[in-house]
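We name chains A, B, ... by the order of the sequence lines, and we start the count at 1 in each one.
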There are 4 protein chains.
Amino acid sequence: MRKLDPVKHEEKRRDILEAAGRCFVRKGFRGTTVSDICSEAKISAGHLYHYFPSKEAIISAIAEARLEQANERFSRTTEEHNALGAILSEIDWTNSMSGASGLVARFEILAEAGRNPAMAEILQKHNRGMCRLLGGLLRKGQACGQIDPELDPELVANVLLSVLDGFKTVSIRDPETDLKKSFHLLKVLITRFLAPPSATPDT
Amino acid sequence: MRKLDPVKHEEKRRDILEAAGRCFVRKGFRGTTVSDICSEAKISAGHLYHYFPSKEAIISAIAEARLEQANERFSRTTEEHNALGAILSEIDWTNSMSGASGLVARFEILAEAGRNPAMAEILQKHNRGMCRLLGGLLRKGQACGQIDPELDPELVANVLLSVLDGFKTVSIRDPETDLKKSFHLLKVLITRFLAPPSATPDT
Amino acid sequence: MRKLDPVKHEEKRRDILEAAGRCFVRKGFRGTTVSDICSEAKISAGHLYHYFPSKEAIISAIAEARLEQANERFSRTTEEHNALGAILSEIDWTNSMSGASGLVARFEILAEAGRNPAMAEILQKHNRGMCRLLGGLLRKGQACGQIDPELDPELVANVLLSVLDGFKTVSIRDPETDLKKSFHLLKVLITRFLAPPSATPDT
Amino acid sequence: MRKLDPVKHEEKRRDILEAAGRCFVRKGFRGTTVSDICSEAKISAGHLYHYFPSKEAIISAIAEARLEQANERFSRTTEEHNALGAILSEIDWTNSMSGASGLVARFEILAEAGRNPAMAEILQKHNRGMCRLLGGLLRKGQACGQIDPELDPELVANVLLSVLDGFKTVSIRDPETDLKKSFHLLKVLITRFLAPPSATPDT
DNA sequence: CATGAATGAGCTTTCATTCAT
DNA sequence: CATGAATGAAAGCTCATTCAT
């Protein structure tokens, strides 16, 4: 007779997902146990299975959620920026997140996608979305002469997003990296790359 | 009388490491069991412990070996190329490795390094080495006017290596990517980035 | 004000018991979960405990109910048949139930009774009832010369009921058995067994 | 290099199977836990899996072994008895086994076979074997006039074996049954059933 | 050197049962 | 009455590691 379900249920699901997210950052997908997640979410061992059918499902859900969030943020960003601005804003946001929190999950997802087809599909789906957004911006930039018209927007989008992910490794490779400086350098890199050949890009 | 040890021993160690490498590509560090490795290396379960004290040690050794190999290859490359050539050659080599084989391990290492200090240290040590090599080339390029002298060689090296790693995700993100085209695009990206401002880079 | 209870309650109890019965046939006593039963009975997980204190109680109740039904049916049968007729009618009924539905539960009960004293007692109680019924018929048959008077009615009843249960395994042992033929054979078997020695039984 | 395996291994396998057998008698297939078996076999929790891939496999192996033993014993029996003698000897053996030990497993197997196709197949395979043996004896009996030639040997074999299984329930149904008397009664039953119509069967 | 039997902690998952609503 | 969230013990099974041979 009581019908508080749908809301509470979804809320709890989110709680668990967040708890799982924190665990995954600390120990990785495979290093995290279901027990870890239950402790973190303050629920009992078996109760997790009222919300998710398996650990695998939680991993998928986390990946999906993380990528979804990224897409949404990027979608908002693209509404008020041009291509270059959107990319830079994205990097800026990445850098602002102190610590590995969000970043590590990224590599976990990439590593997993390299051998788990289900994960690969999730990743690809979201990547297509982001490429479309960025590709559109690039085309606009080309239309108004800000961007080299010779570049293939779709390809550039894919490559730039890859490069962005790569950039996230900078502080793992060398923790003493000056993030401000390297951010500026990446900005130069992208600016010079996209600029129409005739233009004389600055440093 | 038993005096063939040191050589044979080292040989076997390498065998095991290679077997482990193949397993890790297929199932990841955590998804691979010691049993998997022993089967692949065609040795018995316990015998592996004559060569490595723990699974963790194998993971470290693999990471070390992989990065060592990369460094050596890059070291050789740098002897006969300028900065741009070395980077392009590196990308070329990456692309030539069909399949995820070498690449996946890379993200595994990065994800692991993000939360495991021991792995982080290994990664950082080798990254320093590669940065030094690439940094030296960049400086030479600057000296002879091929590369923008305003760029900080060390920082550029670190960023470029990161970008390179990112580029490896291209085909995971979108398996239908035309690798040749995207390789060419990356070449353009790097060329334009490094070129002295006055120069008119090609497409 | 709430006064429809006793009737409704008993009704629901029976519903649940029937649902449980269907589950037990499919998965056995131990293979069936309380959840299975609740789903089948279309009630919620915890609500079942308003009707039964435990799963064990449901198992007992089912066994009791099944045996009770069998007794009642046999009781009705005995009113209008002689011994041989009653037995044959019983076998006929068994055969008419296509599928394992009722039969499987029988072996489940026997196996359980072999190790669970509570179940054993239930089984024995009902067996005594059926033996009394069948024993009475046999005695009548002896009185009117249809049945060998040398046979001990109680013992014969118990053995015949056992044989009947055994006969139920025929189609499990060999699913291609011709039930009609084997039914006829059993009829011959019982007829010859019970017939007074002088009589010349037919085939 | 050591090669004590094949023998020791098979021996241990048998040990475990015997331990499992004892557990199954006490608690049934589903009521027995892997832990129970390991304790009974005095091995550690996980070690069982060096010998059997799953609990299911143990259940199958037990069923197979039990039925195999029964077949072998019956095979030996048939070499020195005629049909009636073989059956009686079989019943005798059954009765001699005090307690439910062997019997319970029988109903467990039958109940399981009623819903588990794998178990059903095992049961059917062995039943075919026993039917062939018994069928052969029956035919011989018919040839020398001891057995009613009108009876279909295969069908009779299957029905008799079923009846035999049913007879095993006698002491579960009524623990106070006089086994000697009921054994004698069954002997009468089978004798009269098989005897050629003209013959005057004894009591 | 080499084997594989053996261990035992711990993993994911299930399930009978309770209880707040 | 009725729900389903919640519990926690225990299930089947895996796995890194040790050790007698």
One should read off an interatomic distance between D:Ile62 CD1 and D:Cys23 SG, to the nearest 0.5 angstrom, of 9.5 Å
Report yes if the side chains of A:Glu112 and A:Leu123 come closer than 4.5 Å at any heavy-atom pair, otherwise no. no
Quick note, C:Ser44 side chain, CB onward, closest among F:dA2, E:dT3, F:dA5 is F:dA2
What is the separation between atom CD1 on A:Ile59 and atom C1' on E:dT12, rounded to the nearest whole Å? 12 Å
D:Ile43 CD1 - E:dA9 C1' separation (whole Å): 16 Å
Does any non-hydrogen side-chain atom of B:Val25 lie less than 4.5 Å from one of A:Arg115? no
So what does B:Phe52 hit on the nucleic acid, given a heavy-atom distance under 4.0 Å: a base, only sugar-phosphate, or nothing? nothing
Nearest whole angstrom, please: distance from the C1' of F:dA6 to the OH of A:Tyr51. 8 Å
In whole Å, I'd like the distance from the NZ atom of C:Lys8 to the P atom of F:dC1. 10 Å
Represent DNA chain F in dot-bracket notation, 5' to 3'. Only Watson-Crick or G-U wobble pairs with both distances under 3.5 Å count; pseudoknot-style crossings use [ ] and interstrand partners use |. .||||||||||||||||||||
Non-hydrogen atoms of C:Lys55 and C:Thr32 that approach each other most closely: NZ-O, 2.7 Å
Measure the distance from NZ on D:Lys42 to C1' on E:dG8 and round it to the nearest whole Å. 19 Å
Is there a side-chain contact between D:Leu67 and D:Arg106 in this structure, where contact means two heavy atoms from C-beta onward sitting under 4.5 Å apart? yes
Send over the distance from D:Asp15 CG to E:dA6 C1', rounded to a whole Å. 15 Å
The contact string for nucleotides 15-20 of chain F, one letter per nucleotide 5' to 3', using protein heavy atoms under 4.0 Å with B, S and - for base, sugar-phosphate only and none, comes out as SSBB--
Write down the distance between CG (D:Asp36) and P (F:dA10), rounded to a whole number of angstrom. 12 Å
So, do B:Phe107 and A:Ile109 sit near enough that their side-chain heavy atoms are less than 4.5 Å apart? no
Students often get this wrong, so: under 4.0 angstrom with heavy atoms, is D:Leu48 touching a base, only sugar-phosphate, or nothing? nothing
Nearest 0.5 Å, please: how far is CD in D:Glu40 from CG in D:Asp15? 11.0 Å
What is the distance from CD1 of A:Ile58 to P of E:dT12, rounded to the nearest Å? 10 Å
Residue among B:Glu68, B:Arg66, B:Glu121 satisfying side-chain hydrogen bond (donor to acceptor under 3.5 Å, both in side chains) with B:His126: B:Glu68
Atom pairs and distances, donor-acceptor, side-chain atoms in residues 43-54 of chain C, under 3.5 Å, two or more places apart:
unit_1, atom_1, unit_2, atom_2, d
C:Ser54, OG, C:Glu56, N, 3.4
C:Ser54, OG, C:Ala57, N, 3.1

